[in-house]
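In what follows, residues are counted from 1 in the order of the sequence shown.
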Amino acid sequence: MTRTLDEWLAYQERVNVRSIELGLDRVRAVWQAMGAPAPARRVITVGGTNGKGSTVALLESMLSAAGQRVGCYTSPHLLHYRERVRIDGADASDEALIGSFERIEAARGEVPLTYFEFGTLAALDLFARANLDVAVLEVGLGGRLDAVNIIDADVAIITTVDLDHMDWLGPDRDSIGVEKAGIARAGRPAIVGEAQPPQGLLEALQRIGANVQRAGIAFSVEHLADGGWRWHHADGTRLSLPDPALAAPVQYANAAAAIAAMHALQASDEAIAAIDLGKAAATGLRTVHVAARLESLGGDPTLVVDVGHNPQAARALAEWLDTHPGGRVHAVYGALSDKDVGGVIRALGSRIDHWHLAGLERDTPRGLPSSVLLDQLLLALPGARYDLHDDVHSALAEARASAKAGERVLAFGSFFVASAVLAESKGPLSA
């Protein structure tokens with residue numbers, strides 16, 4: 001019986017009773033049963049707590065500008081599942097994904113793959129059939145035991161390490177860093193995107209034997225007084241570049257790590273060595289787009305949507321608000337049960353003038369009701385102004401109605417928040 005894409009996705013949620021089951025044995029066995037073809041001539045994996053999606057988008061934009069045929073795998077999606085697999089700038093079709101799921105189903109036998117493992121294998125399968133120059137794979141949860149890690153990447157990027165998914169990855173930055181380091185390989189470049197990474201990450205990378213290239217040591221960013229910036233490498237390479245099209249100040253660090261990955265590949269790949277790195281990076285920086293990363297949806301009051309969902313992401317939001325002062329800020333905020341809600345609220349603090357707390361329990365079993373968000377809000381900010389809402393739709397409507405011209409509505413806290421806001425703004429899409 002032929003299933004639609006929606007039917008396939010619903011089926012995948014039933015195959016394994018656990019929505020998350022870390023480990024490589026199951027997914028590797030199925031990939032080997034499918035022949036384990038290389039997904040591309042070169043592979044870059046991108047792990048870390050925050051900044052992964054932006055870094056993937058920057059790599060895609062820069063490599064495409066250089067004439068490379070690129071495939072990108074990211075998760076989760078915002079408006080439709082097809083966003084997770086992109087080939088040469090276009091989302092995968094329903095038909096392509098269905099065909100891949102059929103091949104996975106034929107190969108898996110009795111192996112109980114998770115929803116995420118089905119999606120990872122589908123991306124690898126479609127990439128292997130697409131004659132790609134470079135595949136860019138975003139790591140889902142952690143690194144060492146994430147399904148993406150069945151692929152030995154030519155370059156690994158660890159963007160940042162902070163406290164998130166602590167039930168799965170460990171109680172502190174050092175232990176989380178060890179898990180993130182697992183995507184690196186001996187003798188191959190491992191790009192560390194933050195200037196002050198946890199010691200646990202660095203020690204794990206050393207044990208693996210990776211060629212570690214750290215921000216602030218192997219490469220660095222210099223902001224220019226008259227606009228733009230320079231990327232420096234310890235080997236003497238210097239690139240003068242335009243500001244990224246992406247809004248947040250943290251995007252300079254993401255861009256620097258993406259450029260470092262391309263620079264590292266040039267040492268081992270003749271085709272990539274022939275790329276004019278400065279020209280490709282400049283073009284990519286000007287044209288890059290990734291949804292819901294401080295994305296302005298226009299209007300007055302202005303509506304801005306962001307997927308920031310943990311304290312580190314909230315600190316990046318706070319930095320953006322500080323560097324882009326404006327009118328009062330009305331927040332539409334929703335969160336999942338495994339997130340540090342108090343940490344997010346404290347990071348933003350008095351920068352938010354009015355909180356519209358949106359319940360997400362109707363969207364996912366992990367969604368928090370607005371009453372729980374309120375408990376955390378009043379604990380962190382006893383004098384905060386707030387309203388409670390059953391869902392994102394009502395929270396957004398009230399925030400936009402109460403905000404005046406010249407003010408801002410900032411919707412953030414979860415992919416479910418961003419998805420609902422984008423769907424309302426751009427129109428819902430299936431799957």
Exercise. Roughly how far, to the nearest 0.5 Å, is CG of D300 from CZ of R400?
Worked result: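 Here the rounded value is 11.0 Å.
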
For this session: Rounded to the nearest 0.5 Å, what's the gap from CD on E83 to CG on D91? Could you check?
Result: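 One gets 6.0 Å once the value is rounded to the nearest 0.5 Å.
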
Scan side-chain atoms only and decide if [X] and [Y] contain a donor-acceptor pair under the 3.5 Å cut-off.
X: D235; Y: T237; result: yes
X: D243; Y: Y252; result: yes
X: D162; Y: N50; result: no

Exercise. Do the rings of H354 and H330 sit parallel, tilted or perpendicular, given the 30° and 60° boundaries?
Worked result: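 The arrangement is parallel - the two ring planes meet at less than 30°.
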
Exercise. Hey, what's the ring geometry for W231 with H233, parallel, tilted or perpendicular (30° and 60° as the breaks)?
Worked result: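 Aromatic pair W231/H233 classed tilted.
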
How close do [X] and [Y] get, counting heavy atoms only, and between which atoms?
X: F101; Y: A122; answer: CE2-CB, 3.6 Å
X: N16; Y: L113; answer: CB-O, 3.4 Å
X: A384; Y: W355; answer: CB-CD1, 4.1 Å
X: L241; Y: I259; answer: CD1-CD1, 3.6 Å
X: G177; Y: L201; answer: O-CD1, 3.4 Å
X: G140; Y: K52; answer: O-CE, 4.3 Å

Problem set entry | Pair N254-L246, side-chain contact (heavy atoms from CB on, under 4.5 Å): steps then yes or no | CA-CA 10 Å; N254 293 332; L246 304 178; over 6 Å; no

Exercise. Should R82 and D94 count as an ion pair when the cut-off is N to O under 4.0 Å?
Worked result: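 So R82 pairs with D94 through a salt bridge.
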
For this session: Decide if atom CD of E222 counts as having more than 12 heavy atoms of other residues, nucleotides or ligands within a radius under 6.0 Å.
Result: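 Enclosed.
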
Under 3.5 Å, side-chain donor or acceptor atoms of residues 185-199 against the rest of the protein: list the pairs with distances, not counting sequence neighbours.
from : atom 1 : to   : atom 2 : distance (Å)
R185 : NE     : D152 : OD1    : 2.5
R185 : NH1    : N149 : OD1    : 3.2
R185 : NH1    : G182 : O      : 3.2
R185 : NH1    : I183 : O      : 3.3
R185 : NH2    : N149 : O      : 2.9
R185 : NH2    : N149 : OD1    : 3.1
R185 : NH2    : I151 : O      : 3.3
R185 : NH2    : D152 : OD1    : 3.1
R188 : NH1    : D152 : O      : 3.3
R188 : NH1    : A153 : O      : 3.1
E194 : OE1    : R173 : NH2    : 3.4
E194 : OE2    : V161 : N      : 2.7
E194 : OE2    : R173 : NH2    : 3.2

For this session: Output every pair passing ring-ring contact (aromatic ring centres under 6.0 Å, His included) with a member in residues 364-394, not counting sequence neighbours, ordered by first then second residue.
Result: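 Sorted pair list: H356-H389.
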
Exercise. Applying the side-chain contact (heavy atoms from CB on, under 4.5 Å) test to D174, which of I176, D172, V178 qualifies?
Worked result: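 In the set I176, D172, V178, the residue that makes a side-chain contact (heavy atoms from CB on, under 4.5 Å) with D174 is D172.
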
